**Q** 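Sharing a structure below in structure tokens format, with a few things to ask.
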Amino acid sequence: MLPHPPPLTIGPRRFAWGERTYVMGVLNVTPDSFSGDGVGSDADAALEQALRFQEWGADIIDVGAESTRPASVYAGAEPTSEAVELERLLPVLRRICPALDIPVSVDTYKANVAQAALREGAAMINDVWGLRRDPAMIEVAASTGVPVVVMHNRERGAYGPDVVADVVSELRAAVDAGTRGGIDGGKIIVDPGFGFGGKSPGHNLELLRRLSEIRALGCPVLVGTSRKSTIGRVLDLPVDERLEGTAATVALAIANGADIVRVHDVKEMARVARMSDAVVRGWSGAT
């Protein structure tokens, strides 16, 4: 069995990897979230949702102000400008960060946006381009000392015969680039990028099956399967009917070594995580 990475403090909380699975709740402050749950720029609605997520068992709130769905990334859509992203994001962070007892992560690949979000109280960076889209992101993470999620992503392109080997290799290169740039290796979390980087449904399912190979990088592992199109393809269901499929992938991710699961349906997936942990990690209740 692979050893667990050492504990990590994120904002006000200590995360002891291996003791249990942590739940990251998705808070989209966008008008075009793929999952249809964006609260737009309504800071009051964002605060209400963040407080509900905390009550339901979220350990981290991940706030994003730009849709990163594949249709946005690959279909020629104009990316959200830095100014628009900040306009959406900062009022929300000003409301929710002081009100929560759990850390807030900023979901962005832009260094200036990350820097501004950290000044408003965010305690973690979630970079869906794995420190590669904006080279200044490494400097921001290194200089502030906050934890950073490095997700696997790439422009569309053919994978080799072993997608997991490709993802591991590219994640290792991203982690190495981060540590060379001054990021503390103990503060890097890796994400295999389920649904990103031109991966087919078969690729995504293979990554989930072989998650232990991602864990072998020695970093905590975050998995985000929630409501993704692969679930829709397998079950032939629209995005608003993927709860059970998400639950299955969350349970299997935990069984295969995930440390954090990033989800939209926090109440239900927190329960799935607790039940899965009881099986995988052991239960401290009555015999």
Side-chain angles (χ1 to χ4, degrees), residues 10 13 15 17 20-30 33-39 45-46 48-65 67-70 92 96 100-107 122 124-128 147 149 151-152 189-196 204-205 207-208 211 214 220-232 234-235 237-281:
I10 307 175
R13 294 290 180 93
F15 290 71
W17 313 118
R20 69 180 181 90
T21 305
Y22 296 94
V23 175
M24 174 184 275
V26 179
L27 181 59
N28 288 311
V29 291
T30 61
S33 166
F34 90 92
S35 58
D37 63 344
V39 296
E48 290 177 10
Q49 186 162 311
L51 289 170
R52 281 195 299 269
F53 282 179
Q54 179 176 265
E55 179 184 355
W56 291 340
D59 301 289
I60 307 169
I61 304 295
D62 190 42
V63 184
S67 176
T68 52
R69 58 184 176 178
V92 170
I96 72 173
L100 295 174
D101 298 321
I102 58 176
V104 172
S105 166
V106 58
D107 181 354
M124 178 175 170
I125 300 166
N126 181 12
D127 185 347
V128 300
V149 177
M151 194 187 84
H152 178 269
I189 297 162
V190 296
D191 178 346
F194 192 98
F196 285 84
N204 293 319
L205 299 175
L207 281 163
L208 197 57
L211 201 61
I214 307 294
V221 176
L222 183 152
V223 176
T225 59
S226 183
R227 302 183 183 176
K228 292 286 180 68
S229 61
T230 291
I231 296 169
V234 171
L235 299 179
L237 290 173
V239 69
D240 60 348
E241 294 185 29
R242 296 175 187 171
L243 182 67
E244 299 89 347
T246 296
T249 59
V250 165
L252 288 166
I254 292 169
N256 290 332
D259 295 290
I260 306 172
V261 289
R262 183 180 183 274
V263 300
H264 300 85
D265 303 290
V266 170
K267 181 190 288 187
E268 295 86 352
M269 295 309 124
R271 293 172 179 172
V272 170
R274 285 175 59 195
M275 191 68 232
S276 301
D277 280 345
V279 176
V280 173
R281 307 183 196 277

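None of these values were measured; they are calculated from a predicted model.
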**Q** Distance from Ile61 atom CD1 to Ile96 atom CD1, nearest 0.5 Å?
**A**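 Reported to 0.5 Å precision, the distance equals 6.5 Å.
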**Q** Angle between ring planes, Tyr22 versus Trp17, binned at 30° and 60°: parallel, tilted or perpendicular?
**A**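 Tyr22 vs Trp17 ring planes: perpendicular.
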**Q** Determine the sole option in Val26, Val128, Asn28, Val63 for which the side-chain contact (heavy atoms from CB on, under 4.5 Å) test with Asp107 is passed.
**A**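 Answer to the side-chain contact (heavy atoms from CB on, under 4.5 Å) test with Asp107 among Val26, Val128, Asn28, Val63: Val128.
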**Q** Measuring from Ile125:CD1 to Ile189:CD1, what's the distance to the nearest 0.5 Å?
**A**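 So the CD1 of Ile125 and the CD1 of Ile189 are separated by 11.0 Å.
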**Q** Under a 4.5 Å cut-off applied to non-hydrogen side-chain atoms, are Phe53 and Ile102 in contact?
**A**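 Of all side-chain heavy-atom pairs linking Ile102 with Phe53, none is under 4.5 Å.
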**Q** Please test Arg281 against Thr21 for side chain to side chain contact (heavy atoms under 4.5 Å, CB included), starting from the C-alpha separation and ending with a verdict.
**A** CA-CA 9 Å; Arg281 307 183 196 277; Thr21 305; 2.8 Å; yes
**Q** Within the 4.5 Å heavy-atom criterion, are Asp265 and Arg227 side-chain neighbours or not?
**A**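 With C-beta onward as the side chain, the pair touches.
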**Q** What distance do Ile254 atom CD1 and Asp259 atom CG have between them, rounded to the nearest 0.5 Å?
**A**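 It is 10.0 Å, given to the nearest 0.5 Å.
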**Q** Verify side chain to side chain contact (heavy atoms under 4.5 Å, CB included) between Ile260 and Phe15, making sure each step is shown before the conclusion.
**A** CA-CA 10 Å; Ile260 306 172; Phe15 290 71; 5.6 Å; no
**Q** Between Val234 and Leu205, is there a side-chain heavy-atom distance shorter than 4.5 Å?
**A**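 A side-chain contact exists here, since the closest heavy-atom pair is under 4.5 Å.
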**Q** Among Asp62, Thr225, Asp191, whose side chain to side chain donor-acceptor pair (under 3.5 Å) with Arg262 holds?
**A**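 One option only clears the test, and that one is Asp62.
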**Q** Which atom names give the shortest non-hydrogen contact between Met269 and Ala247, and what distance separates them?
**A**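 Looks like SD-CA, 3.7 Å.
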**Q** Between Asp59 and Pro103, which heavy-atom pair has the shortest distance, and what is it?
**A**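 Closest approach of Asp59 to Pro103: O-CD, 3.3 Å.
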**Q** Once you round to the nearest 0.5 Å, how far does CG of Leu237 lie from OG of Ser229?
**A**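 Answer for the CG-OG pair, Leu237 versus Ser229, is 13.0 Å.
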**Q** Working to the nearest 0.5 Å, report the span between CD1 of Ile60 and CE of Met124.
**A**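 Those atoms lie 4.5 Å apart.
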**Q** Under 4.5 Å between any side-chain heavy atoms of Leu51 and Leu100, yes or no?
**A**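 With C-beta onward as the side chain, the pair touches.
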**Q** Is there a side-chain contact between Arg13 and Asp101 (heavy atoms, below 4.5 Å)?
**A**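 The answer is yes, as the side chains (C-beta and beyond) meet within the 4.5 Å cut-off.
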**Q** At their closest point, which heavy atom of Ala255 faces which heavy atom of Val280, and how far apart are they?
**A**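 Taking every non-hydrogen atom into account, CA-CG2, 3.7 Å.
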**Q** Heavy atoms only: give me the nearest Leu27-Ala46 pair and the separation to one decimal.
**A**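 Heavy-atom minimum between the residues: CD2-O, 3.8 Å.
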**Q** Compare every heavy atom of Pro192 with every heavy atom of Val221, then report the nearest pair and how far apart it is.
**A**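 Answer, listing the atom of Val221 first, then Pro192: CG1-CD, 4.3 Å.
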**Q** Does the side chain of Phe194 reach to within under 4.5 Å of the side chain of Thr230, using non-hydrogen atoms?
**A**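 Touching, per the 4.5 Å side-chain cut-off.
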**Q** Got Leu222 and Met24 here, is their nearest side-chain heavy-atom distance under 4.5 Å?
**A**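 In contact.
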**Q** Would you say CZ of Arg20 has more than 12 non-hydrogen atoms from neighbouring residues, nucleotides or ligands within 6.0 angstrom?
**A**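 Counting neighbours around CZ of Arg20, more than 12 heavy atoms of other residues, nucleotides or ligands fall under 6.0 Å, so yes.
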**Q** So which heavy atom on Thr249 is nearest to which on Thr246, and how close?
**A**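 Closest approach of Thr249 to Thr246: OG1-O, 2.8 Å.
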